[in-house]
Protein chains: 2
Amino acid sequence: MNDDAMNLRARNKQATREAISRAALHLAIEQGPNGLALVRVNDIATAAGVSPRTYNNYFSSREEAICAFQADQSRRAGQALCSRPADEPLSEAVIEAMVELYTNPEPDKTGLRMIMSTPELEGEALKAFTMAEGPLAEAIAARTGTDLRHDPHSAVMAAAVAGAVRVAGRYWLGPGSTESFATVLRRTLSCVFPSAPPD
Amino acid sequence: MNDDAMNLRARNKQATREAISRAALHLAIEQGPNGLALVRVNDIATAAGVSPRTYNNYFSSREEAICAFQADQSRRAGQALCSRPADEPLSEAVIEAMVELYTNPEPDKTGLRMIMSTPELEGEALKAFTMAEGPLAEAIAARTGTDLRHDPHSAVMAAAVAGAVRVAGRYWLGPGSTESFATVLRRTLSCVFPSAPPD
DNA sequence: CCGCAACTTGCGCGCCACGCACCTGATGCG
DNA sequence: CGCATCAGGTGCGTGGCGCGCAAGTTGCGG
């Protein structure tokens, strides 16, 4: 039947997760960066149409719920790099993979600005971005044919890439940014690869 | 009088902070990576010889208390780089500054391993390490004479350096590490500076 | 020697994570 | 097609915790 790569069951689960996360972010934006404490778990659950008890079957903190999207995105970092053509130079592959991953869809500037200007949320987002490092390091190691366990190069590069993405976010959210996120991302990422061609 | 660079009052404050943090880490180690929930705030406060209420005048979560040392250390990252001789090449200055900062004193392997193998603590430690990026970026920008606000190079490099430190920690804590932390640190940091001399 | 300001502490409130038990609806099988 | 099974949603109860408030205490400067 309708096993669209997923049981109906799992589908609903994913939908619920998204609903809760969506509601959480929305409410957080309403309250502003200094009103995080006013976003009650009860409100989130109600807005998402589930029981408060169900809410923390999915998340164990407001921050986690609000940043769930970033977390999900980071989980795909490894796969994003792996799906680049194998004959592409490493630097180009990484840059294009990250641009593809983090601009699809174009990030919600309002939501991101809210997150990055709220210390507690910033911490959670940091965790989320860092989740990308492991898979990224593996993918890089696979591409360069090095051994992840004995050669720190891939791990360091993965960390640097993740860092560059975060820095790009900060610049893009800053006051004087008329450029697209993709542009900023390419610029910061090219700092990581000193031998990278200017384009 | 006895203004040893600090009022007696501020000295006690610092001592209390350290006592609480110390007690927290000690108790956490006792309970192991899976028993973080069993480390009650009450126990920490008692062990530190203060009231539970006082405890969260200093910290607002167990995790924050346990990782306070890492946080304090990261705050000094900028200063560490600034205090390197001005005629030193950037890469060497950064490497030596970080080695100096993170091996003085030699890190507590047991405590660190505990922290890095406990998800919630790992997140907090991540926040702590990331606190170093801002000051580091400023110091790097100052050294290279670039404008931090319009040129992302220093920010990206700072993030990469912080990442390299974290990666070094992971490798050093891993099973087959007979080397000193300084050695591992130098190796990962030199990955960040491709033009860095082998020694 | 005195008053101020900083710090600690006890009290109390509201929120929240989580275990437990029950219910509902999806799933898979004969 | 109907039944046994089970994953997931929900209500309830409990213990812990963050934090505001209002004293009490102690170092510091005049």
Side-chain angles (χ1 to χ4, degrees), chain A residues 1-24 27-28 31 33-68 118-121 123-124 127, chain B residues 1-24 27-28 31 33-68 118-121 123-124 127:
Chain A
M1 298 286 254
N2 221 347
D3 267 339
D4 261 343
M6 260 202 179
N7 267 337
L8 234 182
R9 229 143 160 162
R11 199 94 75 80
N12 281 343
K13 211 167 151 62
Q14 181 63 20
T16 305
R17 180 184 168 88
E18 218 169 287
I20 297 178
S21 166
R22 220 170 245 284
L27 290 185
Q31 297 294 336
N34 301 328
L36 213 181
L38 301 189
V39 180
R40 315 276 191 226
V41 164
N42 214 347
D43 304 336
I44 300 178
T46 302
V50 297
S51 149
R53 183 63 183 82
T54 297
Y55 148 87
N56 68 339
N57 281 346
Y58 285 86
F59 306 103
S60 53
S61 73
R62 291 183 294 271
E63 296 80 10
E64 197 182 332
I66 295 176
C67 300
T118 307
E120 294 141 298
L121 293 181
E124 191 66 29
K127 272 173 56 179
Chain B
M1 301 284 250
N2 219 348
D3 267 341
D4 257 346
M6 261 202 179
N7 264 337
L8 247 181
R9 216 142 174 169
R11 198 93 76 80
N12 281 344
K13 209 168 151 67
Q14 182 62 20
T16 306
R17 180 183 168 88
E18 219 168 284
I20 297 177
S21 167
R22 219 170 245 287
L27 290 183
Q31 297 294 336
N34 300 329
L36 212 182
L38 301 189
V39 180
R40 315 276 191 226
V41 164
N42 216 346
D43 304 336
I44 301 178
T46 302
V50 296
S51 150
R53 185 60 184 83
T54 297
Y55 148 86
N56 68 344
N57 281 345
Y58 285 86
F59 305 104
S60 53
S61 74
R62 291 183 296 270
E63 296 81 9
E64 196 182 332
I66 296 176
C67 300
T118 307
E120 296 141 298
L121 293 182
E124 191 65 28
K127 272 173 56 179

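Since the structure is predicted, the reported quantities are computational estimates derived from the model, not experimental observations. In what follows, every chain begins at residue 1, and chains take the letters A, B, ... in the order their sequences are listed.
Residue B:T54 places at least one side-chain N or O closer than 4.0 Å to OP1 or OP2 of C:dT9.
The separation between A:F59 atom CZ and D:dG9 atom C1' is 15 Å, rounded to whole Å. One interatomic measurement links the two molecules: CG of B:N56 to C1' of C:dT8, which rounds to 12 Å at whole-angstrom precision. Going from atom CZ of B:R62 over to atom P of C:dC16 covers 16 Å, rounded to whole Å. Between A:N12 atom CG and C:dA26 atom C1' there is a gap of 9 Å when expressed in whole angstrom units. Regarding A:N42, its CG atom lies at a distance of 11 Å from the P atom of D:dG11, rounded to whole Å. As a whole-Å value, the separation of B:R40 CZ from D:dG15 C1' is 8 Å. Rounded to whole Å, the distance from CG on B:L38 to P on C:dG19 is 12 Å. When the C1' atom of D:dC17 is taken as reference, atom CG of B:D43 falls 13 Å away, rounded to whole Å.
Residue A:R9 has its side chain nearest to D:dC6 when only D:dG27, D:dC6, D:dT10 are considered. Closest to the A:Y58 side chain, of the nucleotides C:dC7, D:dG9, C:dC18, is D:dG9. Residue B:R53 has its side chain nearest to D:dC19 when only C:dT8, D:dC19, C:dC7 are considered. Of the candidate nucleotides C:dA17, C:dT8, D:dC19, C:dA17 has the atom nearest to the side chain of A:Y55. You'll find that the side chain of A:V41 is closest to C:dC16, out of C:dG25, C:dC16, D:dG9.
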What's the verdict on side chain to side chain contact (heavy atoms under 4.5 Å, CB included) for A:I44 and A:R62, showing C-alpha distance, side-chain angles and the deciding distance? CA-CA 9 Å; A:I44 300 178; A:R62 291 183 294 271; 4.2 Å; yes

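Using modelled atom types, one finds a donor on one side chain and an acceptor on the other under 3.5 Å when comparing B:R53 with B:N56. With 3.5 Å as the limit, one finds no donor-acceptor pair spanning the side chains of B:T118 and B:E120.
Not one N or O on the side chain of B:T54 forms a donor-acceptor pair closer than 3.5 Å with the backbone of B:V50.
Judged by closest nucleotide on DNA chain C, B:S51 is the one of B:S51 and A:S61 placed further toward the 5' end.
Between B:R17 and B:K13, every side-chain heavy-atom pair lies at or beyond the 4.5 Å cut-off.
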